[in-house]
4 protein chains.
Amino acid sequence: PRPRELGIEFGILKTGNLNAITDVPGVKVGHFTLHQGTDIHTGVTAILPIEENIFQNKVPAAIYIGNGFGKLAGYTQVEELGNIETPILLTNTMVVSTAIDALIDFTIQNPENKTVKSVNAVVGETNDGGLNDIRARVLTKENMLEAIASANSGKVAEGNVGAGTGTMSLGFKGGIGTSSRILPISKGGYTVGVLVQSNFGGVLQIGGKPIGQLLGNYKFKNIDKEYEEDGSCMMVVITDAPLNAKNLKRLAARAMLGLSRTGGMAANGSGDYVIALSTAKDLRIAHDSKEMYETFKVLRNNDLDLLFQGVVEATEEAIINSLFAAEDLQGFNGYKAEALPIKTVMELLKK
Amino acid sequence: PRPRELGIEFGILKTGNLNAITDVPGVKVGHFTLHQGTDIHTGVTAILPIEENIFQNKVPAAIYIGNGFGKLAGYTQVEELGNIETPILLTNTMVVSTAIDALIDFTIQNPENKTVKSVNAVVGETNDGGLNDIRARVLTKENMLEAIASANSGKVAEGNVGAGTGTMSLGFKGGIGTSSRILPISKGGYTVGVLVQSNFGGVLQIGGKPIGQLLGNYKFKNIDKEYEEDGSCMMVVITDAPLNAKNLKRLAARAMLGLSRTGGMAANGSGDYVIALSTAKDLRIAHDSKEMYETFKVLRNNDLDLLFQGVVEATEEAIINSLFAAEDLQGFNGYKAEALPIKTVMELLKK
Amino acid sequence: PRPRELGIEFGILKTGNLNAITDVPGVKVGHFTLHQGTDIHTGVTAILPIEENIFQNKVPAAIYIGNGFGKLAGYTQVEELGNIETPILLTNTMVVSTAIDALIDFTIQNPENKTVKSVNAVVGETNDGGLNDIRARVLTKENMLEAIASANSGKVAEGNVGAGTGTMSLGFKGGIGTSSRILPISKGGYTVGVLVQSNFGGVLQIGGKPIGQLLGNYKFKNIDKEYEEDGSCMMVVITDAPLNAKNLKRLAARAMLGLSRTGGMAANGSGDYVIALSTAKDLRIAHDSKEMYETFKVLRNNDLDLLFQGVVEATEEAIINSLFAAEDLQGFNGYKAEALPIKTVMELLKK
Amino acid sequence: PRPRELGIEFGILKTGNLNAITDVPGVKVGHFTLHQGTDIHTGVTAILPIEENIFQNKVPAAIYIGNGFGKLAGYTQVEELGNIETPILLTNTMVVSTAIDALIDFTIQNPENKTVKSVNAVVGETNDGGLNDIRARVLTKENMLEAIASANSGKVAEGNVGAGTGTMSLGFKGGIGTSSRILPISKGGYTVGVLVQSNFGGVLQIGGKPIGQLLGNYKFKNIDKEYEEDGSCMMVVITDAPLNAKNLKRLAARAMLGLSRTGGMAANGSGDYVIALSTAKDLRIAHDSKEMYETFKVLRNNDLDLLFQGVVEATEEAIINSLFAAEDLQGFNGYKAEALPIKTVMELLKK
């Protein structure tokens, strides 16, 4: 069961129906999960923001860097132009190039894109090298395309799937997690959804309670010893609220506040990135157009706070969801990652 | 009593002796507090990082912008050159200019600086216009200089003092707060201290517990109504750990994670800035020098995590300290700010 | 006469009628110039982008930092929100605070702004401390307000006026300069205007010709000796083309390319800032609004190149204009700045 | 012959022996050039900054974004940590992923790096899709590794080689170009070298003279017609001067000023990136270290201007060098790019 079903609360706003990024209409998620022999435990997660050809119908977007020790692809063009033109792939650190390749294939093989000569692929990653033989780089372009092809709306698998197959977080088995929030109708009724690939370190808090310390499993426990480098957290934020790139960047920044509430502290070795975009239909940016102008109807700066709050809450919940869904995994070189002991956690939370 | 004395815990690291920014050797803090008639309730807080003439002995520094809806002075030069050359003043939004003037006076009146023709004053602010008739702009340059002159090491007054005199935070009376953390000797034994001027909105959490909701006083409570614009939070982070400007910026970024743990969400209207600097003696930057070179011995990137954790914890605690120390205040136009009801809070925390 | 009247060409685009920033409809410029005794030679220049109350009708804006060794006020809020809400004042480094104060007065004294409690004043500066006793800080708030009050459309005085009264540039007397470019009707017919306060160092080029070297007056001439710190360049770019803040930032960046073509190289000590804004009527941002949404019709990314080119050209020409208009000035401590020897320059250009 | 040999002057500083990036001791450059049938004309250029294993001995570095419409890989980690840990590859837009892969291979196949699980590959690109069938993506990882393997010090081939094989610039055939500058011994005697992959648009200037207009070949010539999207410019700046990442970023920024002096204006479609690094031996950053500290002896901020000037000059000259070295090329779909008509240009310059 998900934490919310067990009675844990995260914030004050309502969730969407699925409490998932797919609550935003049109968003699809697909996973490709690879367990191969004893040493390979990795995968890829595809997020398709809209149903249309996204290259021809770019979406306003921004990427916020919480801590930039990572290999995310596509940052500078998104920053310059304020839009995204491919699906988003999340995978492991050493196959970002394969994912870029897959997104270029995906784009240029679409007959509508037959004259396209430049594709800004957006790929995020975390390092699953503890449980996965990451140097082997076994994921193929075909695996990546399979994740895209399998994407659908509806419930999103969490835990040891896709890009979360081999990740670790806050001392426990990490993985994919997702959550969403809905604004009241009087405020536009918009949905904001978050999906995370959790692979970072810190001192686990759940509902504000210092569960990491209570379980005796947390970063800095042996403070005098050399501490380990930590992994990263990829966060994807999607909303149907009409926001321009500038405000999407501000929205993205709030995901780091959600991460903090789970006990994350953006360690030196962490690549913490937030990709945010709006699926609002009126904000699509035509790749080719005979028009000199574009017209955008967007939310005023003064009307962002509920969305900001939604992102904080949904990010916190998505990360905790990833831990609750993840399962024990023995991987590379026999390394064993233990899932969060949910029963014990629930007892601690009730104390 | 401060929250820690009441048994509330904030994180896993040890505090300094005073649990204050003045635990960092050499740091001095001074307040000028102004209550005048019914409508004026404001002030200024001065932070002097080092005992020497800071203009001639600049300190490595960075400023991180959590949300830039504010009037902080000095940002671009600190960003370009990586150092700070004046004390830091915090005050209200409408007298930043007066504070700049005061810092220029302070600098050029020092006989050692008699040829100085350019001063980059660093001034932070939040808007105390709810409790203070901020349009009256009554604080004078002399008031500002008095705050500097009165600065000393040792215990730091918190709550309704200095720049925190008229601030509100998280639905209650805000103010000045401070806290510190110490690294183990094996990790350098460094101190990192934080001082905040709390004036921001959100859903108050203490020790992770949703106190704002439990007290029925929090942002978004009346979600369908037009929500109010919120104020800001100024955070100053000082450490004696030897860090260059690049890593001080990364350190500063972690203060936003601490703010999040109190329930802050960096509202649109919030000017959330973190000024970070290192007092490490070997890192002083001579204003004039016949040398072409400077030699810096700094911590490696790999050895920052404990400092990052320290900033998260100390910022969270400094903000909560500001609320615990603040007192009821009736101000401008009869507006009344209530202090956090500590007794009730402690009961809620014990449940 | 201005260089263009003497036959010097700058680029390929047409200028506006006045070849000035005031070619953009509605833009007004005012100067206050102060010569006092032998040592005071300074001033302030006011740029009023629109005729309406700009606080209630904010304009999309961005500030680009070419080199951030300067004290410009207002940067972070413009960066965060993407708009400007006051006129722009340019003055000397040590009275930025006075200019901020003046802009706050100007704003809150307007009866329409009677409830305003927060004003983000935008003030640029360069250091005229060679010719002006800058430590004396004699410019008053009233002087600043006079510059605003005297602003008008039409021809703009150049050279030793306003904020350019005491500046030096590229080895000669600098000052205020302005220029503009117009797009063809088929491309929207927009105007882009630039105004500069030139006070920076380098190796003067005019029309690409190395005039500084030919005149034997240029930075690095005595390469083995200790080179002097240089001043700065403030650039203001205004267009009536409909651009959002993101594209205004890109537009602003191109002004540095224009500066380069005059021989500027953005020395370490230079505060090179570009403030860019759009006066397009449909893009005004209401301070207060009952609407949740704003609608913007803006130029597509693909249609920016002519504006980019216009900014490069107009900045180059505005800087050279400032040198041609400036006159000899003897100032502080008897220091004498010589104007560009125009006759000799024209002979050199004709060779 | 190179322009300088023909008597064209670029600035006031002396060049290195080779007037190439390889004047910086230890720097090696290698090209892989591919002409295949009528439609494939592309390649890759490798820059190896130091002779040692760069992953174990990272170099201080920064990347400056002049205009971010590009797919450069590695930006965010360089920005966060301030160092580069792989050679630099330049190639075409659609095979950045292949180049990343090659750099990971190069790194992890080194026995000294046998435990490495994370590699931040730095890859730049421009779009050679006019002359090259870029959608075919024929360059292989082996081609990339061959460019690395063939790298050597000494003279650098310019023009239609490596990553410049199929590029166009300023209306003519572009390509690879390089140049360098040397500081006087009294200023440290440092070398700064620049290598460019020129593929951008504008109005060609040589020695300040408007050659593009005189030849009737320049961007905006048919101002009323729809103007074409332009390509990009990749610039690599290497110095043996001891600079930290912050000042390397400032150094990198000056390359855009050099680009401007050739007539470039950073068009919307241009991906203009500058990668800057220091090879100073004392500044290497050990990947693994038992030390908590690093000691850096770097140039003071006040001693950067000659290096800044050197970058401006060397970038201008490198770009013009690329045009002088490039040759006519007929490529994809029969498209023919003409080389700069050097004889005519020299006549125009002598007028």
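Per chain, numbering begins at 1; letters A, B, ... match sequence-line order. What's counted below: heavy atoms across the whole structure, side chains too, no hydrogens, waters or symmetry copies.
A distance-only check finds no donor-acceptor pair linking the side chain of A:Asp23 to the backbone of A:Gly193 [under 3.5 Å].
Within the 4.5 angstrom heavy-atom criterion, atoms from both the backbone and the side chain of B:Ala267 approach chain A.
Side-chain contact between A:Ile211 and A:Gln205 is absent, with no heavy-atom pair separated by less than 4.5 Å.
Contact annotation for residues 6-15 of chain B against chain A (heavy-atom separation below 4.5 Å, listed by residue number): B:Gly11, B:Ile12, B:Leu13.
Under 3.5 Å, the side chains of A:Asn199 and A:Asn127 contain no donor-acceptor pair of N or O atoms. In this structure, a donor-acceptor pair under 3.5 Å is present between the side chains of A:Thr126 and A:Gln197.
Contact count against chain B (heavy-atom pairs under 4.5 Å) is highest for A:Gly264 among A:Gly201, A:Gly264, A:Gly66, A:Ala253. Each of A:Asn67, A:Val312, A:Val311 has some count of heavy-atom pairs under 4.5 Å with chain B, and the biggest count is that of A:Asn67. Between chain B and the residues A:Arg250, A:Met256, A:Arg261, the largest count of heavy-atom pairs under 4.5 Å involves A:Arg261. Contacts with chain B were tallied for A:Glu313, A:Lys209, A:Gln213; A:Gln213 has the most, counting heavy-atom pairs under 4.5 Å. Listed options A:Ser260, A:Pro184, A:Gly258 were ranked by heavy-atom pairs under 4.5 angstrom with chain B; first place goes to A:Ser260.
B:Arg2 and B:Thr178 make their closest contact through NH2-O, 3.0 Å (heavy atoms, listed as atom of the first residue, atom of the second, distance). Residues B:Asn268 and B:Phe69 approach most closely at O-CD1, 3.2 Å, considering heavy atoms.
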Give the intermediate values and the outcome of side-chain hydrogen bond (donor to acceptor under 3.5 Å, both in side chains) for residues A:Glu125 and A:Thr93.
-> CA-CA 5 Å; A:Glu125 52 76 30; A:Thr93 310; 2.6 Å; yes
Candidate pair B:Tyr64 and B:Ile275, rule side-chain contact (heavy atoms from CB on, under 4.5 Å), full reasoning | CA-CA 6 Å; B:Tyr64 182 81; B:Ile275 301 166; over 6 Å; no
Derivation of the salt bridge (Lys or Arg N to Asp or Glu O under 4.0 Å) call for A:Arg181 and A:Glu317 | CA-CA 10 Å; A:Arg181 291 295 181 277; A:Glu317 184 165 357; 2.8 Å; yes
